[in-house]
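From a predicted model like this one, the values you see are computed outputs, not experimental measurements. For the numbers below, each heavy atom of this structure counts, side chains included, while hydrogens, waters and symmetry mates do not.
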Amino acid sequence: MFKRRFLAGLVFSSVLVLSFSILLSGGRNANAAADSASSWGFDLSSLDRTCKPCDDFYQLAMGSWMKNNPIPADYSNWGTFTQLADRNQQSLRAILENAAANKAAAAGSSEQKIGDFYASCMNTDAIDAQGLKPLAAEFARMDAMSNGAAILQEIAHLQNEGVRVPFRFESDQDFKDSTQVIGEINQAGLGMPDRDYYLRDDDKSKQLREAYEKHVVKMFTLAGDAPEKAAFEAKTVLALESALAKASMTRVQLRDPDIQYHKMSLVQLQQLAPHTNWKDYFAAAGRPGLAELNVSQPDFLKEVDNQLAAAPLDDWKTYLRWHLLHGAADALPGAFVQENFEFNGKLLTGAKELQPRWKRCVRATDRNLGEALGQIYVQKYFPQQAKARTLEMVHNLLAALRDDLPTLSWMSAETRKAAAAKLEAFAVKIGYPDKWRDYSALQVDRNSYAANFLRGARFETARDLAKIGKPVDRGEWGMSPPTVNAYNNSQLNEIVFPAGILQPPFYDPQADDSVNYGGMGAVIGHEITHGFDDQGAKFDAQGNLKNWWTDQDIKNFQERGDCVAKQFDGYEVEKGLHQNGKLVEGESIADLGGLTIAYAAYEKSLAGKPRPKDVDGFTPEQRFFLGWAQVWGANLRPEFARLLTNTNPHPLPRFRGIAPLSNMAEFARAFGCKKGDAMVREQVCKIW
């Protein structure tokens with residue numbers, strides 16, 4: 001699904017969910033003490049006044065904050081986003097501990113399920129005592145596999161339990177019929193974050209592959225295998241995953257919906273991958289009689305089919321056993337959790353310590369019962385006026401872009417009409433769903449966290465696959481209400497803002513309007529602009545993959561997008577490593593467009609009113625840009641910065657903090673920047 005998020009959220013195995021999060025009102029702690037920040041919503045102590053705004057605005061705005069906020073040992077990054085997420089976690093913890101303590105909660109109620117799930121996750125004594133017993137039946141079934149048909153049955157079984165190997169079978173909205181849900185097969189099956197980790201030949205990549213192999217050895221050893229056998233098994237895993245990696249699309253290719261739509265019948269699928277009995281597979285997966293689906297990466301599926309035919313049976317047993325261990329590690333005894341962290345946390349992200357158990361259990365409950373937990377969260381922590389104020393700001397931003405369209409000299413009247421129609425069709429979701437998810441079919445108890453973990457995966461898989469062949473549910477949400485994030489879904493032509501992000505400094509009712517527009521206004525503008533970035537522009541007002549551009553207009557648009565991509569190609573993360581402009585193009589277009597229309601909306605909001613006064617020496621225009629910069633205050637460990645650069649479509653925070661501003665004449669005017677200053681680009685990029 002082509003869903004773009006405002007922030008970067010990464011999941012590694014079952015151990016860590018790492019995302020940027022936001023500091024409460026640019027410097028206030030979880031208690032939001034009023035005396036620690038300026039009344040207009042920006043903490044002046046964040047400023048590095050030794051730096052000039054036209055030299056490095058990000059350093060000026062957040063330099064002292066970054067100096068005074070080192071990364072805690074259990075984090076890979078510490079920034080304004082992580083702090084808001086941490087605050088939300090404290091709120092969710094209170095809800096969950098109360099639910100866990102209430103053993104009289106009605107059986108089957110949301111309170112019972114979230115309480116028991118959390119309690120089972122926190123019961124490390126029971127988890128350690130059970131050892132690998134919860135997986136015993138899975139391992140026995142793998143050992144009993146005797147032929148290719150059995151491998152296929154086991155693949156389907158593991159996929160139903162959330163182990164998406166060697167490919168993912170799931171539901172998706174039909175790219176060219178936005179009213180219907182179809183089945184879809186996507187590439188998967190790797191234990192490292194990306195295909196390039198298997199294929200690059202530089203020293204760091206080689207060292208990482210060696211470390212991954214050692215990690216696999218340790219996990220198999222913990223599972224009871226002799227060291228010699230575990231070493232052989234690790235090489236087997238790496239060899240099979242490397243073959244899949246070679247056939248996988250790159251991260252940049254995965255951003256292009258045009259090359260990922262290959263709708264075919266079951267007969268055509270059988271011809272594409274002839275060694276696999278697809279009728280038997282779909283029956284085992286719970287979708288017998290499936291007549292057609294989309295194969296997103298046909299070449300990848302061909303390679304899976306070749307490996308199913310050519311790789312020895314024992315190799316597949318080893319590979320599947322590894323991915324079960326890998327996927328379930330967080331629900332296993334402490335030794336598995338720690339070893340999983342050593343590679344996926346410490347080595348890949350630079351975090352020094354495993355996060356406290358309660359934080360990991362809060363995230364696990366949110367992942368498995370997000371809307372049950374979210375329903376209680378919004379009742380306690382989300383005021384209705386926040387929803388109303390956000391909707392008002394959304395309308396102001398939409399109006400700003402509506403006013404902007406006629407001014408675009410590079411766009412013809414024909415394309416402008418289609419763009420306006422898409423803008424008018426935008427759906428807006430704020431806070432939480434109108435209809436809550438039904439968890440009645442999910443059994444949860446306190447007896448076994450691993451059992452709850454597996455049942456949660458089965459429930460979600462069944463819920464997802466049940467959508468195939470049915471009309472699209474446009475009321476469904478892709479994030480839980482407490483999430484500190486936002487997204488645009490081009491296939492639904494919608495923008496979504498969970499309750500978790502509708503807090504300071506994104507939106508603070510006590511803050512200056514300029515700061516709110518620079519924060520939440522820019523977030524809203526970012527998500528709106530995603531509908532018109534290099535991906536979103538390929539979907540029409542109804543969410544269909546359809547070209548609504550004239551040939552000349554699409555050429556003009558792509559040239560402007562290339563300007564943004566080249567700008568980010570020039571940003572050096574560390575010596576020899578630059579941002580990948582084509583990978584981050586969509587998010588960077590959204591930042592530039594979002595900030596531009598947020599500024600226009602702020603100016604429009606002042607029409608007919610007295611000009612706001614300067615505060616603490618800053619004009620309202622300057623305060624707007626400080627509102628943007630404080631969103632991106634963050635310190636990142638080098639390992640995490642490299643990981644994001646290699647795998648994530650979001651640029652690093654420090655580049656997001658300055659890149660759009662350096663293209664905006666409004667910023668240059670606000671701070672008196674001139675041609676030749678670092679914050680004024682020679683080649684200005686402008687789209688919307």
Side-chain angles (χ1 to χ4, degrees), residues 1-2 11 13 142 145 148-172 175 181-199 237-251 253-254 257 259-266 268-288 290 292-311 315-324 326-327 457-458 460-462 464-465 467-468:
M1 181 176 288
F2 283 85
V11 180
S13 184
M142 291 178 194
M145 292 190 306
I151 295 174
L152 203 61
Q153 292 283 323
E154 182 61 22
I155 286 172
H157 181 84
L158 288 174
Q159 289 174 345
N160 284 337
E161 295 192 329
V163 185
R164 312 298 190 196
V165 294
F167 55 84
R168 298 196 326 266
F169 171 52
E170 55 205 339
S171 73
D172 195 4
F175 282 15
V181 179
I182 61 173
E184 185 169 87
I185 289 178
N186 287 291
Q187 68 186 45
L190 306 182
M192 287 194 284
D194 184 61
R195 69 183 293 277
D196 291 345
Y197 283 72
Y198 296 84
L199 307 178
V237 168
L238 193 60
L240 189 48
E241 289 183 353
S242 296
L244 297 178
K246 289 177 184 177
S248 298
M249 283 188 179
T250 66
R251 293 273 174 163
Q253 290 172 324
L254 289 172
I259 63 173
Q260 293 183 77
Y261 187 68
H262 310 278
K263 192 174 179 180
M264 58 184 68
S265 67
L266 187 60
Q268 291 171 317
L269 175 63
Q270 195 63 61
Q271 292 170 345
L272 175 74
H275 302 108
T276 304
N277 188 323
W278 290 103
K279 183 178 180 180
D280 286 354
Y281 165 77
F282 289 123
R287 295 298 307 184
L290 189 72
E292 62 180 7
L293 77 165
N294 179 45
V295 178
S296 297
Q297 300 90 21
D299 288 343
F300 175 82
L301 197 60
K302 287 181 183 178
E303 181 59 25
V304 170
D305 186 62
N306 290 336
Q307 291 297 329
L308 284 169
D315 287 8
W316 277 104
K317 288 183 178 182
T318 298
Y319 170 83
L320 295 177
R321 184 164 169 256
W322 157 243
H323 277 280
L324 177 60
H326 177 64
R458 292 188 204 110
E460 178 55 30
T461 302
D464 177 66
L465 296 183
K467 294 187 287 186
I468 297 173

Please give me the minimum heavy-atom distance between [X] and [Y], naming the atom from each residue.
X      : Y      : value
Thr276 : Gln270 : O-NE2, 2.5 Å
Pro193 : Arg251 : O-NH2, 2.6 Å
Gln253 : Ile259 : O-CD1, 3.6 Å
Ile468 : Ser171 : CG1-CB, 3.7 Å
Leu244 : Pro166 : CD1-CB, 4.1 Å
His323 : Gly189 : NE2-O, 3.4 Å

Rounded to the nearest 0.5 Å, how far apart are [atom1] of [X] and [atom2] of [Y]?
X      : Y      : atom1 : atom2 : result
Leu320 : Ile155 : CG    : CD1   : 5.5 Å
Ile182 : Glu170 : CD1   : CD    : 11.0 Å
Ile185 : Asp172 : CD1   : CG    : 12.5 Å
Asp299 : Gln187 : CG    : CD    : 10.5 Å
Glu154 : Met145 : CD    : CE    : 6.0 Å
Glu241 : Tyr197 : CD    : OH    : 14.5 Å

Using a 4.5 Å cut-off on heavy atoms from C-beta on, say whether the side chain of [Y] contacts that of [X].
X      : Y      : answer
Lys302 : Leu272 : yes
Leu293 : Lys263 : no
Glu460 : Asn160 : no
Phe282 : Leu465 : no
Phe169 : Asn186 : no
Tyr319 : Asp315 : no
Glu184 : Ser296 : yes
Lys467 : Val181 : yes

Short side-chain to backbone donor-acceptor contact, [X] and [Y], under 3.5 Å:
X      : Y      : value
Trp278 : Ala273 : yes
Arg195 : Ser248 : yes
Asn277 : Asp280 : yes

Chi angles and distances behind the side chain to side chain contact (heavy atoms under 4.5 Å, CB included) call for Lys317, Ile151: CA-CA 8 Å; Lys317 288 183 178 182; Ile151 295 174; over 6 Å; no
Test log, rule side chain to side chain contact (heavy atoms under 4.5 Å, CB included), inputs Gln159 and Thr461: CA-CA 8 Å; Gln159 289 174 345; Thr461 302; 5.9 Å; no
NZ/NE/NH1/NH2 to OD/OE distance under 4.0 Å, Glu303 and Lys246: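 No, this pair does not count.
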Leu254 vs Gln297, side chain to side chain contact (heavy atoms under 4.5 Å, CB included): CA-CA, chis, key distance, verdict: CA-CA 9 Å; Leu254 289 172; Gln297 300 90 21; 3.6 Å; yes
With sequence neighbours excluded, residues passing ring-ring contact (aromatic ring centres under 6.0 Å, His included) with Trp322: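 Applying ring-ring contact (aromatic ring centres under 6.0 Å, His included) to Trp322 gives His215, His326.
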Aromatic ring pairing Phe167/Tyr281, orientation class (parallel under 30°, perpendicular over 60°, tilted between):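 The arrangement is perpendicular - the two ring planes meet at more than 60°.
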